[in-house]
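First comes the structure, then the notes that go with it.
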Amino acid sequence: MSQDLINSVKATCSKIIQIDEDIRFVGRIKDRKLLSFVRRPGSKPLLNEELSNLSHYQVSVKANMEKMFDEALGTTNWMITSKDKVKLITIFLDDGSLILSTEPDADHDGIIREIQKMNVKL
């Protein structure tokens, strides 16, 4: 993967994190790998490196599982998991996923709408 692509992904993640102060983390997954990410300054990770990598892998597995329902239900646009300490948002793109974590009380609908307006293509 070229450094230019990685820089472009990071720049897009940086724009997305500015949408809302409740966004803690934004990353881009392609081919089950985290290409790049940004974390809000002052926002401490809730997972150690091993669990973080496992959570990124889990997103990819969930995304692939969703595809088996596409013919009957249509494609999945996004998924959300709400936990006590964080909301985990996955937005499906043509060639991968955009992953976000937010504060538990974040306006996920508003955040997702703003990201969709950006028409992210990487």
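We use all heavy atoms of the structure for the numbers below, so side chains are in, but hydrogens, waters and symmetry mates are not. Each residue takes its place number in the sequence, starting with 1.
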* Structure fact -> Taken to the nearest 0.5 Å, the spacing of L100 CG from R24 CZ works out to 12.0 Å
Donor-acceptor pairs under 3.5 angstrom involving side-chain atoms of residues 14-21: please list them, not counting sequence neighbours.
from	atom 1	to	atom 2	distance (Å)
S14	OG	K10	O	3.0
D20	OD1	D22	N	2.7

* Asked: Atom NZ in K30, atom OG in S97: separation rounded to 0.5 Å?
  -> 11.5 Å
* Please name all residues satisfying side-chain hydrogen bond (donor to acceptor under 3.5 Å, both in side chains) with Q58, sequence neighbours left out, ordered by chain then number. => none
* **Counterpart residues, salt bridge (Lys or Arg N to Asp or Glu O under 4.0 Å), relative to E66 (two or more places apart)** => none
Side-chain donor-acceptor distances from residues 82-90 under 3.5 Å, at least two apart:
from	atom 1	to	atom 2	distance (Å)
K87	NZ	A106	O	2.7
K87	NZ	H108	ND1	2.8

* Asked: Considering all heavy atoms of both residues, which atom of S36 and which atom of C13 are nearest to each other, and what is their separation?
  -> O-SG, 4.1 Å
* To do: Side-chain contact test, heavy atoms from C-beta onward, threshold under 4.5 Å: evaluate it for H56 versus S60 and give yes or no.
  => no
* Under 4.5 Å between side-chain heavy atoms, hopping through other hydrophobics if needed: is there a path connecting I112 to I80? -> yes
* Asked: Closest approach of G27 and F37, non-hydrogen atoms and distance?
  -> CA-CB, 3.8 Å
* Pairwise distance CG(L73) to CE(M68) - rounded to 0.5 angstrom -> 10.5 Å
* Structure fact -> Sorted by chain and residue number, the side-chain contact (heavy atoms from CB on, under 4.5 Å) partners of T75 (sequence neighbours excluded) come out as D70, N77
* **hydrophobic_cluster_shared for V38 and I111, side chain cutoff 4.5 Å** => yes
* Structure fact -> In this structure, OG of S43 is separated from CD of E103 (nearest 0.5 Å) by 6.5 Å
* Would you find a donor on one side and an acceptor on the other, under 3.5 Å apart, between the side chain of N48 and the backbone of E50? -> yes
* Examine V9 and L34 and state if one hydrophobic cluster contains both, with Ile, Leu, Val, Met, Phe, Trp and Tyr joined whenever side-chain heavy atoms are less than 4.5 Å apart. => no
* To do: Using side chain to side chain contact (heavy atoms under 4.5 Å, CB included) as the criterion, point out the one residue from L93, L35, V59, L98 that pairs with I29.
  => V59
* Structure fact -> D107 meets the side-chain contact (heavy atoms from CB on, under 4.5 Å) criterion, sequence neighbours left out, with D109
* May I ask whether M118 and V26 are part of the same hydrophobic cluster, defined by side-chain heavy atoms of I, L, V, M, F, W, Y residues being less than 4.5 angstrom apart, directly or through others? => yes
